[in-house]
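Data first, discussion second: the structure below is written as structure tokens.
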Amino acid sequence: MNPNSDPKSLLHASFHAALQQVAPEHPLQVELERPRQASHGDYACNLAMQLAKPLKRNPREVAQALLAALPASEWVDKTEIAGPGFINIFLKPAAWQGLATRILQAGQTYGRSTLGQGEKIQVEFVSANPTGPLHVGHGRGAAFGASLANVLAFAGYDVHREYYVNDAGRQMDILALSTWLRYLERCDEFVPFPANAYQGGYVHTMADSIFALHGKRYARPAADVLQRIPAAEDDAEGHLDALIAKAKQLLGADYGYIHGFALEEQLGDGRNDLTEFRVRFDSWFSERSLHESGLIDKALDRLRQRGHLYEQDGALWFRSTAFGDEKDRVVRRDNGIYTYFAADIAYHLNKFERGFSRVIDVWGADHHGYIARVKGALSAAGMDPERLQVALVQFAVLYRNGQKASMSTRAGEYVTLRDLRAEVGNDAARFFYVLRKSDQHLDFDLDLAKSQSSDNPVYYIQYAHARIASVLNAWGGIEADLLDADTGRLEHPQEIALLRRLAEFPEIITSAAREFSPHLVAYYLKDLAADLHGLYVACQFLVQDEALRQARLLLIAATRQVLRSGLDILGVSAPEKM
RNA sequence: GCCUACGUAGCUCAGUGGAUAGAGCAUCCCCCUCCUAAGGGGAGGGUCGCAGGUUCGAUUCCUGCCGUGGGCGCCA
């Protein structure tokens, strides 16, 4: 693309030249903004006001001088000095018209930027414990992470999407135990099911599957299971841990089968769920592999050698307070078992060893206290903690009948992502999730989402796409011919408005990538769809005048391209018909 | 208590160191002889939580206060 064909770049260069002439001793950054008010022109420059103080001159006077020094341009219709010293630029339609052709030529590469320069970055997201179906809270992390990764890829980064599988911890043991206890019930061995074990129906399903596959092979007498188990009333968690230990003891090597079965079932379920939600990962990284490969020992050795570990009360501690954390953290408990944090240290060091120059973790907001210690560990290992960036996603709170709905996984009374998708559809769910800034709480009113799904803003955008597809269908010509259209015929105010909106797309992509804000894309698409609908009502596309018809069809074909690119980033489909 | 985020229209939320702060929903009015009315146009609706500070200029940046959510484990 010819850089001169972009009005903003051209103006930027012009003002830079004017600045050098008027105030060469003040090399300010030239900023061009789009005024909110159409009456303030296409672009506004505040250079004069910034220069007023250092030059000790009246800002309007400086603006006068800048304008005098501004190189002439065939695209500039007029300029004015307004308000305290703004320079407003009004462009001729010709400045925008050529864009439609360029977009159609560029196709899906329009709006892509070189911001990322092929930098290898990793986005890790969802990473939910595979202990049950994904719920609506995970759904937000999934939608946000996937859209963020897409935006970054579109902005020129080499993005790797990863899911960290917590397959090593106590939660997995609790799931394995829960499954086994349900299985025992199936075998007519009744052990009271602990209230703090996993209650969900999917646990029954897994138990039934194991029974169907292996009969009573994994059954043990209930009396044996309950032997010397402390009462749940005295210490519920201790009761659970004792049962887990007993399961391991009675089952021996078979415990690994139950554990593995439950893990694979839940992981597979989550994978299918996410795939249907158009969320894909390049890799699934196992926490257990860190234990088995010795990477945790290696990582801790690295910290030990640098003098950041110490022993106390039988446990091994990381001196994270030396790196700004509020207290030191245990990495190996007095029972010799590594903490989740120890695995996470090894995991993050491993990420960088795999060659990512930057790593983005998408975490739930409840993990914010965790940032300091992970970054601390990176510093302690001699790495730049700034290479890890954490995007915190606030919780999505469900409302049902105006009441907050509980989302406890163990109690099994949450709404699953799958339920939500079935109720409001993948498109609406993906779109709704990213319609909020990630650090903003999301109130997801289920009744509203269900009852008003046809008023959903996502349909407004999809409808714009379908309308264009319908017109191009009715026309039935060859789209490549539109590249020859005379764009000089695009003069209607609505046409110019749409062209200006299309010109914003690359800037939106850059901002969204830089600020980790895919919601900017969603809002942009709403604006773009509004401009298209406005034009649709104002102008007939399939007119008698062939030159005008071709020009207008070119414009809407370009619009369709940008709608597609944007929707694709958000994981929302672009239907031809509605 | 400490940490962290948020507080903008009746509701849900965008946005910005600049000129008259926006959208959707809700309310009221209008527009299909025409490529999809899942559309368009118009009206009403605001002390941008409060108080200071920095600035030519603050809703935006800083500090304090008030309110709300989340986090402060040898859980993951």
Side-chain angles (χ1 to χ4, degrees), chain A residues 31 33 35-37 39-40 44 46 49-50 52-53 58-59 82-86 88 127-129 131 164 166-174 237 287 312-317 325-327 329-344 364-372 392 394-395 397 432 435-445 448 452-464 466-475 494 517 519-520 522-524 526-527 529-530 532-543 549 552-553 556 577-578:
Chain A
E31 281 168 36
E33 60 177 39
R36 282 195 282 261
Q37 293 268 328
S39 63
H40 293 150
N46 64 358
M49 288 179 287
Q50 288 182 278
K53 194 163 192 188
N58 180 309
F86 289 103
N88 293 337
S127 300
N129 283 343
T131 51
Y164 182 54
N166 301 131
D167 52 5
R170 177 167 178 264
Q171 295 305 321
M172 269 311 300
D173 279 324
I174 297 173
E237 296 303 318
E287 178 190 358
Q312 187 183 308
D313 305 328
L316 186 63
W317 297 71
D325 198 4
E326 53 192 14
K327 54 176 287 194
R329 308 291 173 177
V330 170
V331 289
R332 196 184 62 217
R333 296 191 274 270
D334 58 4
N335 61 9
I337 296 175
Y338 289 124
T339 58
Y340 174 85
F341 178 44
D344 228 9
D366 56 330
H367 280 59
H368 101 262
Y370 204 69
I371 299 172
L392 288 183
Q394 291 288 343
F395 281 158
V397 181
F432 259 126
L435 204 51
R436 297 278 170 271
K437 277 187 300 194
S438 60
D439 54 13
Q440 185 75 251
H441 292 270
L442 174 65
D443 290 343
F444 213 123
D445 187 327
L448 196 73
Q452 300 206 339
S453 61
S454 63
D455 296 331
N456 205 309
V458 72
Y459 294 114
Y460 182 78
I461 298 166
Q462 290 180 315
Y463 184 47
R467 272 184 148 176
I468 294 171
S470 169
V471 172
L472 291 174
N473 240 354
W475 167 59
Q494 307 269 25
S517 297
H519 75 279
L520 294 177
Y523 278 92
Y524 170 77
K526 274 166 77 171
D527 290 339
L532 185 279
H533 289 310
L535 177 62
Y536 189 95
V537 169
C539 298
Q540 182 83 8
F541 302 124
L542 299 175
V543 290
R549 182 172 70 223
R552 284 184 172 163
L553 290 173
I556 63 170
K577 244 187 251 182
M578 288 176 75

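This is a predicted model, so every value here is computed, not measured. By convention in this document, chain letters (A, B, ...) are assigned in the order of the sequence lines, proteins followed by strands, and residues within each chain are numbered from 1.
Side chain of A/His533 to backbone of A/Tyr460: a donor-acceptor contact under 3.5 angstrom is found. Using a distance-only test at 3.5 Å, with no hydrogens or angles considered, no donor-acceptor pair links the side chain of A/Arg436 to the main chain of A/His441. The main-chain N or O of A/Val543 is found under 3.5 Å from a side-chain atom of A/Arg549 such that the two form a donor-acceptor pair.
As rounded to the nearest Å, B/C13 and B/G7 have P atoms that lie 10 Å from one another. Across the C1' atoms, B/G46 and B/U4 are found 29 Å apart, a figure rounded to whole Å. For the P atoms, the distance from B/G17 to B/C6 is 15 Å, rounded to whole Å. Comparing the same atom, C1', in B/U54 and in B/U8 gives a spacing of 23 Å after rounding to whole Å. Spacing of P atoms, B/C25 relative to B/A21, comes out at 22 Å, to the nearest Å. Rounded to whole Å, the C1' atom of B/A14 lies 13 Å from the corresponding atom of B/A9. Of the C1' atoms belonging to B/C48 and B/A43, the separation is 23 Å, rounded to the nearest Å. Nucleotides B/U20 and B/C65, compared at atom C1', are 32 Å apart to the nearest Å.
You'll find that the side chain of A/Lys526 is closest to B/A23, out of B/A23, B/A76, B/G69. For A/Lys327, taking side-chain heavy atoms from C-beta onward, the closest of the listed nucleotides B/A38, B/A5, B/C74 is B/C74. Taking every side-chain heavy atom of A/Gln440 into account, B/C6 is the closest of B/C6, B/A23, B/C75. Listed nucleotides: B/G69, B/G39, B/A76. Nearest to the side chain of A/His441: B/G69. In the set B/G40, B/C75, B/C35, the nucleotide with an atom closest to the side chain of A/Val537 is B/G40. Minimum atom distance to the side chain of A/Ala474 is reached by B/C35, of the listed B/A14, B/C35, B/A76. Nearest nucleotide to the side chain of A/Ala315, out of B/A19, B/C74, B/A76: B/C74. Distance from the side chain of A/Arg467 is smallest for B/U36 among the nucleotides B/U36, B/G71, B/A19. The side chain of A/Gln540 approaches B/C34 more closely than any other nucleotide in the set B/C34, B/U36, B/G15. Comparing atom distances between the A/Ala466 side chain and each of B/C35, B/C13, B/U36 picks out B/U36 as nearest.
If you check every strand for non-hydrogen atoms under 4.0 Å, A/Lys577 touches a base. Residue A/His533 is in sugar-phosphate contact alone, with no base atom involved, counting any heavy-atom pair closer than 4.0 Å across all strands shown. Residue contacts for A/His367: at a heavy-atom cut-off of 4.0 Å it reaches a base atom on one of the strands shown. A/Trp475 comes within 4.0 angstrom of nothing in the nucleic acid, heavy atoms only. Residue A/Asn88 is in base contact, counting any heavy-atom pair closer than 4.0 Å across all strands shown. Contact annotation for A/Ala52: no contact, since no heavy-atom pair falls under 4.0 Å across all strands. Using a 4.0 Å heavy-atom cutoff across all strands shown, A/Asp334 reaches at least one base atom of the nucleic acid. Within 4.0 Å (heavy atoms only), A/Asn46 reaches at least one base atom of the nucleic acid. No engagement by A/Ala372 is indicated, since no non-hydrogen atom pair under 4.0 Å with the nucleic acid exists. Across all strands, A/Ala464 comes closer than 4.0 Å to no nucleic acid atom at all (heavy-atom distances). Within 4.0 Å (heavy atoms only), A/Asp313 reaches at least one base atom of the nucleic acid. Residue A/Leu520 is in sugar-phosphate contact alone, with no base atom involved, counting any heavy-atom pair closer than 4.0 Å across all strands shown. At a threshold of 4.0 angstrom between heavy atoms, the contacts of A/Phe341 with the nucleic acid are absent. Heavy atoms of A/Gln462 sit nowhere under 4.0 angstrom from any nucleic acid atom.
For B/A19, the base is stacked against the aromatic ring of A/His40, per a cut-off of 5.5 Å between centres and 30° between planes. Where stacking is scored as ring centres under 5.5 Å apart with planes under 30°, A/Tyr463 does not register as stacked on the base of B/G39.
Rounded to whole Å, the distance from NE2 on A/His368 to P on B/C2 is 14 Å. One interatomic measurement links the two molecules: CD of A/Gln50 to P of B/G57, which rounds to 15 Å at whole-angstrom precision. Between A/Tyr338 atom OH and B/G73 atom C1' the separation is 20 Å, expressed in whole Å. Between the C1' atom of B/G70 and the CG atom of A/Leu442 lies a distance of 15 Å, rounded to the nearest Å.
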Test side chain to side chain contact (heavy atoms under 4.5 Å, CB included) on A/Thr339 and A/Arg333; report intermediate values, then the result. CA-CA 7 Å; A/Thr339 58; A/Arg333 296 191 274 270; 3.8 Å; yes

Please report the C-alpha distance between A/Asp313 and A/Asp334 in whole Å, then the side-chain angles of each, then the deciding distance to 0.1 Å, and finally whether the side chain to side chain contact (heavy atoms under 4.5 Å, CB included) criterion is met. CA-CA 7 Å; A/Asp313 305 328; A/Asp334 58 4; over 6 Å; no

Derivation of the side chain to side chain contact (heavy atoms under 4.5 Å, CB included) call for A/Tyr338 and A/Val331: CA-CA 6 Å; A/Tyr338 289 124; A/Val331 289; 5.6 Å; no

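Within the 4.0 Å cut-off from OP1 or OP2 of B/G15, at least one side-chain nitrogen or oxygen of A/Lys437 is found.
The partner of B/C56 is B/G18, by the rule that a Watson-Crick or G-U pair needs both atom distances under 3.5 Å. Partner assigned to B/G45 is none, using Watson-Crick or G-U wobble distances below 3.5 angstrom. Of the nucleotides present, none pairs with B/U36 by Watson-Crick or G-U wobble criteria with both distances under 3.5 Å.
Remark on RNA chain B: of its neighbouring residues A/Tyr460 and A/Gly369, the 5'-side contact belongs to A/Tyr460, judged by nearest-heavy-atom nucleotide. Comparing A/Tyr340 and A/Pro457 against RNA chain B, the residue whose closest nucleotide sits nearer the 5' end is A/Pro457.
Nucleotide B/C29 is shown with an anti base, its glycosidic torsion being more than 90° from 0.
Ring geometry, A/Tyr340 versus A/Tyr370: the interplanar angle falls from 30° to 60°, so the pair is classed tilted.
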